[in-house]
Amino acid sequence: MAKPQRSRKPLKPLKGKRPSYTDEFVFGLNYKSASQLKKFVTDRGKILSRRNSGLTAKQQRHVAEQVKIARYMALLHYTADHLRQSQGA
C-alpha cells in the first residue's frame, strides 16, 4: 500500500548575504593600519574566517595578505604569547 503524498511548501528564493564592509574600506587597508587590521584577527592571533568577518572571497584574500605582511613587519602579533607573558605564567 502506497503512502499518501505530503504537500510541501514552496521554497523561498535564497537571498545572498550582503557584505558587511565596502570594497573601498577593505581595499584601502594596508599593513600599516594595524589598528584596523585587528578587527579581522582574533585575540589569539588567528585571522577570522569569511563566515565570521562577512567579507567576500576577494576581500578575504586581501585582508589575509595584509595581516601576514603586518605580522612580518612586527606590527601585529603572530600568537597570543604576549598575553601569557604579561600574566606571569
Would you say the side-chain atoms of Arg71 pair up with the backbone N or O of Leu76, donor to acceptor, closer than 3.5 Å? no
Roughly how far, to the nearest 0.5 Å, is NE2 of His77 from CG of Asp43? 12.0 Å
Gln36 side-chain N/O to Asn30 backbone N/O, donor-acceptor pair under 3.5 Å: no
Out of curiosity, Gln66 CD to Ile47 CD1, how far, rounded to the nearest 0.5 Å? 11.0 Å
Please say whether more than 12 non-hydrogen atoms of neighbouring residues, nucleotides or ligands are located less than 6.0 Å from CZ in Phe25. yes
Applying a strict under-4.5 Å side-chain criterion to I, L, V, M, F, W and Y, I'd like to know whether Met73 and Tyr78 cluster together. yes
Tell me whether Leu29 is reachable from Phe27 by hopping between hydrophobic residues (I, L, V, M, F, W, Y) whose side-chain heavy atoms are closer than 4.5 Å. no
For Ser53 and Gln60, work out which heavy atoms get closest and say how close. OG-OE1, 3.4 Å
Are Tyr31 and Phe40 connected in the hydrophobic side-chain network, where two residues link if heavy atoms are under 4.5 Å apart? no
Would you say Lys68 and Glu65 make side-chain contact, with heavy atoms under 4.5 Å? no
Where is the tightest heavy-atom contact between Arg50 and Thr56, given as atom of each residue plus distance? NE-C, 3.5 Å
Counting C-beta onward and ignoring hydrogens, is there a side-chain heavy-atom pair between His62 and Leu55 closer than 4.5 Å? no
